[in-house]
Asks: 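Here it is: the structure, laid out below.
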Amino acid sequence: MIRLGINVDHVATLRNARGERYPDPVRAAELALENGADGITAHLREDRRHIRDEDIRRLRALSAPLNFEMAVTDEMVTMACALKPHACCLVPERREELTTEGGLDVVGLRKSLAPHVSRLLEAGIRVSLFIDPEPEAIRTAAALGAPVVELHTGAYALGKEGELERLHRAAHMAAECGIELHAGHGLTYENVSPITKLPGLKELNIGHFLISEAVFVGLGASVRRMKDLLS
Ligand SMILES: CC(=O)[C@@H](O)[C@H](O)COP(=O)(O)O
Ligand SMILES: NCC(=O)COP(=O)(O)O
């Protein structure tokens, strides 16, 4: 069974558009969980463009697993070690990016990543590295002691040639390295099914499309339909 993590970032985007207190990402998380979500993902960006610190604290108070997405900085690692979410997913961030454009450069940043990964693991937090589907990145993630990798499916979602095959090769490498396989970014009802066929896939994190779909059908229905596609 593939677990479904619902990313509530863009509920916060809508809230922040007017500086109001609604729609509340925590209420969205509760509704998603009532409708089949297995966990909640939220990305506290350094620029706080959507999820804010208080959102993360309130999401952590829910009984469901929180996958805290964050950049690899002292600020975020310290916050994560204090909050102790179920999981942290380490992602790259560039201020000017519209959305997460690529995976974390675990090969190039291996030396600087190592102490942060160790610190999070020592705090009892499951560490996931958000990477492009590259064999060397997976081997490096395993060498860093990360128990999970989340493959960036953005290029696949944009229809880039050969991406699904690339993801399959990466999935086989993750199995060889004994590292748990997750995936996410840009997934929709239309493109998710081939991703569910990745060998060993345990979790998908999906947000933007489902929050967008919720505008028309409601969040409960939006989540339930995706959950059905994963079963
Ligand atoms: C890491 C990832 O793919 C998602 O969390 C994505 O970053 C959502 O946040 P943005 O929409 O701000 O990119
Ligand atoms: N890590 C992927 C995620 O959390 C959600 O990405 P998206 O579905 O909002 O593109």
Side-chain angles (χ1 to χ4, degrees), residues 2-17 25 28-29 32 37-52 55-56 59 64-73 76 80 85-106 126-133 137 141 146 148-160 163 167 170 180-193 195-196 198 201-215 219 222-223 225-227 229-230:
I2 298 169
R3 296 188 302 269
L4 176 59
I6 297 297
N7 186 312
V8 295
D9 292 350
H10 297 296
V11 179
T13 298
L14 183 54
R15 175 196 61 194
N16 297 355
D38 299 290
I40 298 301
T41 289
H43 183 179
L44 181 65
R45 281 181 165 268
E46 288 184 277
D47 62 13
R48 278 43 173 199
R49 67 177 71 167
H50 41 56
I51 291 291
R52 302 267 159 85
D55 297 323
I56 287 287
L59 287 167
L66 171 63
N67 176 33
F68 177 4
E69 285 185 340
M70 57 187 225
V72 193
T73 64
M76 290 298 169
H86 163 69
C88 277
C89 182
L90 305 183
V91 304
E93 281 186 21
R94 288 187 314 116
R95 281 294 159 92
E96 62 283 4
E97 66 184 359
L98 181 63
T99 184
T100 303
E101 288 165 350
L104 192 63
D105 176 16
V106 292
R126 188 199 72 190
V127 175
S128 170
L129 302 181
F130 189 70
I131 60 171
D132 288 325
V148 179
V149 289
E150 179 170 330
L151 299 183
H152 192 318
T153 51
Y156 161 78
L158 291 173
K160 190 175 168 197
E163 269 308 295
L167 287 159
E180 184 171 307
L181 183 70
H182 298 182
H185 201 95
L187 296 178
T188 69
Y189 296 151
E190 283 67 43
N191 68 21
V192 74
S193 292
I195 297 297
T196 64
L198 291 175
L201 182 72
K202 293 286 185 291
E203 181 172 307
L204 289 179
N205 288 296
I206 305 175
H208 185 261
F209 171 76
L210 292 177
I211 301 305
S212 308
E213 192 63 11
V215 169
L219 185 57
S222 162
V223 170
R225 183 169 174 203
M226 185 58 81
K227 189 70 182 170
L229 287 170
L230 304 192

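What you see is a predicted model, and the numbers here were worked out from it, not measured in a lab. Remember, it's 1-based here, ligands and their atoms both numbered in the order they're listed.
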Asks: Who passes side chain to side chain donor-acceptor pair (under 3.5 Å) against Asp9, sequence neighbours left out?
Replies: Asn7
Asks: For ligand 2, list the protein residues that place a heavy atom within a distance below 4.0 Å of one of its atoms, sorted by chain and number.
Replies: Asn7, Thr41, Glu69, Phe130, Glu150, Gly184, His185, Gly186, Asn205, Ile206, Gly207, His208
Asks: Can you name the residues that come within less than 4.0 Å of ligand 1, going by heavy atoms only?
Replies: Asn7, Asp9, His10, His43, Arg45, His50, Glu69, Val91, Thr99, Thr100, Phe130, His185
Asks: Which atom pair, heavy atoms only, marks the closest approach of Ser222 to Tyr189?
Replies: O-OH, 2.9 Å
Asks: Are any side-chain N or O atoms of Asn191 and backbone N or O atoms of Gly186, one a donor and one an acceptor, separated by less than 3.5 Å?
Replies: yes
Asks: Could you tell me whether the side chains of His43 and Glu93 share a donor-acceptor contact shorter than 3.5 Å?
Replies: yes
Asks: Is Glu97 salt-bridged to Arg45, cutoff N-O under 4.0 Å?
Replies: yes
Asks: Has the side chain of Tyr156 got a donor or acceptor atom that lies under 3.5 Å from a matching backbone atom of Leu187?
Replies: no
Asks: Going by side chain to side chain donor-acceptor pair (under 3.5 Å), name the residues that satisfy it together with Asn67, two or more places apart in sequence or in a different chain.
Replies: Thr41
Asks: Check whether any side-chain N or O of Thr196 sits under 3.5 Å from a backbone N or O of Leu230 as a donor-acceptor pair, and report yes or no.
Replies: no
Asks: Test your reading of the model: is there a side-chain donor-acceptor pair from Asp132 to the backbone of Gly103, 3.5 Å cut-off?
Replies: yes
